[in-house]
Protein chains: 2
Amino acid sequence: MTEIKPFNSTEYMNHISLDCVIFGFNNNELKVLLLHLKYSKENTLPGGFLKYDETLEQAAQRIVKERTGLDNLFLKQFKVFSDPERSRSNKAVMDGIIAGTIPDPSFFENRFITVGFYALVDFLKVKPTPDFYSDHCDWVSLNTELSMLLDHKQIIQEAIVTLRLQLNQQPIGLKLLPEKFTMPELQKLYETILGRDLDRRNFQRKMLNYNILDKLQERKTGGAHKSPYLYSFNVERYQEALKDGLSGIW
Amino acid sequence: MTEIKPFNSTEYMNHISLDCVIFGFNNNELKVLLLHLKYSKENTLPGGFLKYDETLEQAAQRIVKERTGLDNLFLKQFKVFSDPERSRSNKAVMDGIIAGTIPDPSFFENRFITVGFYALVDFLKVKPTPDFYSDHCDWVSLNTELSMLLDHKQIIQEAIVTLRLQLNQQPIGLKLLPEKFTMPELQKLYETILGRDLDRRNFQRKMLNYNILDKLQERKTGGAHKSPYLYSFNVERYQEALKDGLSGIW
DNA sequence: ATAATAATGTGTCGCTATGACACTAGGAAC
DNA sequence: GTTCCTAGTGTCATAGCGACACATTATTAT
C-alpha cells in the first residue's frame with residue numbers, strides 16, 4: 001500500500017497493492033525514483049492498487065508510466081511482502097484523513113499485501129512526475145539515508161539483492177544504460193550493483209568475449225582525459241546470450 | 001485459488017490465495033505432490049488462503065503441513081499469478097456448489113491472485129494426506145501428462161524454471177535428498193532438474209571440490225552392481241558456500 | 001565356479017577462462 | 001613542452017572444465 005491519489009476505491013481490488021522500485025543509473029550511482037508525501041513528509045516508492053481487469057504486470061506498467069512518462073518498461077516481480085503488521089499505523093493515511101484528502105479511509109485501513117516490482121530504466125529518458133499526494137518526485141541515490149514509509153526501505157533492499165543475483169540472467173546493462181555508452185560506464189554499473197571494484201582489463205576482456213557489444217567508431221568527447229570508445233548492445237546477441245545466463249561469477 | 005475444504009470464509013483474506021509446488025525426488029525422478037478432487041476429477045496443487053494474522057510464508061507452512069505432515073519445510077515464493085481470467089470457470093467450484101459441499105460459494109467466485117511457493121522435501125518423510133475435497137493425494141512424476149485445475153500446470157512449469165535458475169543459490173540437494181545418499185543419486189537429481197546428462201567423473205570432481213560433502217565409510221548395499229559410497233552434506237559448509245552461490249554453470 | 005554385464009571409483013590431458021599485473025596512448029591543465 | 005589522469009591493449013601463470021580410459025566390485029547368466 002503506497003500511493004495515495006484521488007480515486008474511486010471501488011475500481012480496485014482490496015488487500016492487494018504494488019510497489020515499484022525504479023532503478024536508474026546516473027553519475028556513476030544507482031538511484032531509485034521516490035515520491036515525497038506532502039502531509040506526512042515521508043518518502044515512498046511509486047505504488048498503487050490492482051484494477052479488477054488488470055494483471056499485476058499491467059498495473060505495474062500503469063503505475064510506472066504515471067511517474068516516469070515511459071511505456072513498456074522492463075519490469076519484474078521480485079517478492080511479495082505480507083507481514084500482517086506492515087500496513088498498520090500508516091502515518092501517510094492518518095495525515096491524509098486529517099487533511100481530508102482521502103475519499104475512502106476505510107479502504108486504506110484494510111490490510112494490504114504488496115507485490116514488489118523492480119524496473120530498470122534509462123535515467124535520462126525519465127520525466128519524474130509527482131502525484132496528487134506528493135510534493136515532488138525525485139531520483140535518490142541509494143547511498144542516501146532516508147525516512148521511508150512503512151516497509152519501503154526493506155522493499156528497496158530486497159530489490160537490490162534480487163538485482164545482484166540476477167545480474168547474469170537479466171539485461172541489466174541494456175536497460176539501465178543509454179543507447180551508447182563507454183566501457184568504463186558499463187563497468188561502473190556492474191561495480192555499483194555488486195558493491196565492489198572490478199579489474200578494468202579483465203572486465204573489458206570478459207565483456208567483449210560475450211560478443212554482445214558492438215564497438216562504435218565514435219568516441220565519447222568532452223571528458224577530461226583520453227576519449228573512451230562508445231559501445232552499444234547488440235540486442236539480438238544479448239538476448240540470445242541471456243538464455244543461458246552470462247557465464248561466470250563476477 | 002485451489003484447495004477447497006470445509007471452512008469459514010470469514011477467517012480468510014479475500015482475493016489472495018497460495019499454491020504450493022511440493023517437490024520430491026524418488027526413483028530418479030522429480031515428483032510433485034498433487035491432490036485429486038472428488039467431484040471435478042481434476043488434479044490440483046495443494047493450496048489455500050491467507051488468514052488475517054498470517055504472513056504468506058506462515059500460510060504456506062500451514063498448508064504444506066496439512067498435506068505432508070511435515071513442519072518447517074524449505075519453502076520459497078517464486079511468482080504471483082494474477083491473470084484476471086485465471087479463476088474464471090472454475091470447474092471444481094461449480095462441482096462443489098452442485099454437490100452442496102461449498103459453504104460460501106460467493107467467496108470462491110471472487111477473483112483470486114495466487115502466490116506460488118515451491119517446497120523441497122525428503123520424499124520418504126512425507127505422508128501424503130488428502131483433504132476433505134480430494135479422494136487422494138499422491139506423488140506424480142513430472143513426466144506424466146495430467147489434466148490440472150485452472151492454471152496449475154503453468155504454475156508447476158514456472159516452479160521448475162525457478163528451481164533450475166536457483167540451482168546454485170539454494171540448498172537443492174540438501175533438502176531433496178535423504179540424510180545419506182550416493183554420488184550417482186546426487187548427480188541424477190541435478191540431471192533431472194537441468195534436463196540433461198552430465199559427465200559422471202566431472203560431476204563428482206566438481207561436487208567434491210565444493211567441500212560441502214562428507215564421505216562416509218559406509219557403502220550403499222543391495223544395489224545391482226558395485227556398491228557406491230554414501231555421502232552426507234556438511235550443512236555448515238554448504239550454507240557457507242551458498243552465500244556466494246556454488247560457482248559455475250552446470 | 002566362471003564369465004559376462006553393468007555400474008562405480010579414480011586418474012590424465014589439453015584447453016579456456018580467469019586473476020594479477022605493466023606498458024602505451026591520448027586529452028586537459030599548466 | 002611537462003605533468004597528470006584516464007583509456008586501450010597485452011602477457012603470464014594458474015585453476016577449472018570438458019573429454020576421455022582404465023581398474024574395481026557386485027550381480028546375473030551359464
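For the numbers below, each heavy atom of this structure counts, side chains included, while hydrogens, waters and symmetry mates do not. In what follows, chains are A, B, ... by sequence order, proteins preceding strands, each numbered from 1.
Residue A:Thr182 is the one, among B:His225 and A:Thr182, whose nearest nucleotide of DNA chain D lies closer to the 5' end (criterion: closest heavy atom). The 5' end of DNA chain C is approached more closely, in terms of each residue's nearest nucleotide, by B:Arg205 than by the other of B:Arg205 and A:Ser227. Projected onto DNA chain D by closest heavy-atom contact, A:Ala224 and A:Arg200 fall at different nucleotides, the more 5' of which corresponds to A:Ala224.
B:Asp199 has its CG atom 13 Å from the C1' atom of C:dT10, to the nearest Å. Rounded to whole angstrom, the span from the CE atom of A:Met183 across to the P atom of C:dG26 amounts to 19 Å. If you measure from atom CG of B:Leu198 to atom P of D:dC17, you get 12 Å, rounded to the nearest angstrom. We find that OH of B:Tyr210 is positioned 10 Å from C1' of D:dG16, with the value rounded to whole Å. Rounded to an integer number of Å, the gap from CG of A:Leu246 to P of C:dA17 is 14 Å. To the nearest angstrom, P of C:dA28 lies 14 Å from NZ of A:Lys220. Summarising the geometry, the separation between CD on A:Gln187 and C1' on D:dT6 is reported as 12 Å, rounded to the nearest angstrom. Summarising the geometry, the separation between CZ on A:Phe203 and P on C:dA17 is reported as 17 Å, rounded to the nearest angstrom.
Using a 4.0 Å cut-off, some side-chain N or O of A:Gln204 falls inside it from OP1 or OP2 of D:dT9. Between A:Lys206 and C:dT18 there is a side-chain N or O to OP1 or OP2 distance below 4.0 Å. Between A:Lys226 and C:dA28 there is no side-chain N or O to OP1 or OP2 distance below 4.0 Å.
Side-chain contact between B:Leu70 and B:Lys125 is present, with at least one heavy-atom pair separated by less than 4.5 Å.
Taking 4.0 Å as the cut-off between side-chain N and carboxylate O, B:Glu185 and B:Lys220 count as a salt-bridged pair.
Here the closest non-hydrogen pair linking B:Val115 and B:Leu56 is CG2-CD1, 3.9 Å.
Ring orientation note: the planes of A:Phe233 and A:Phe181 are tilted relative to one another, at an angle of 30° to 60°. Using a 30° and 60° split on the angle between ring planes, B:His136 and B:His36 fall in the parallel class, below 30°.
Residue-level contact check: A:Lys215 touches the backbone only, with heavy atoms under 4.0 Å from sugar-phosphate atoms and none from bases.
Below the 3.5 angstrom threshold, one finds no donor paired with an acceptor across the side chain of A:Arg201 and the base of D:dG8. Side-chain atoms of B:Asn202 and base atoms of D:dA19 include a donor and an acceptor less than 3.5 Å apart.
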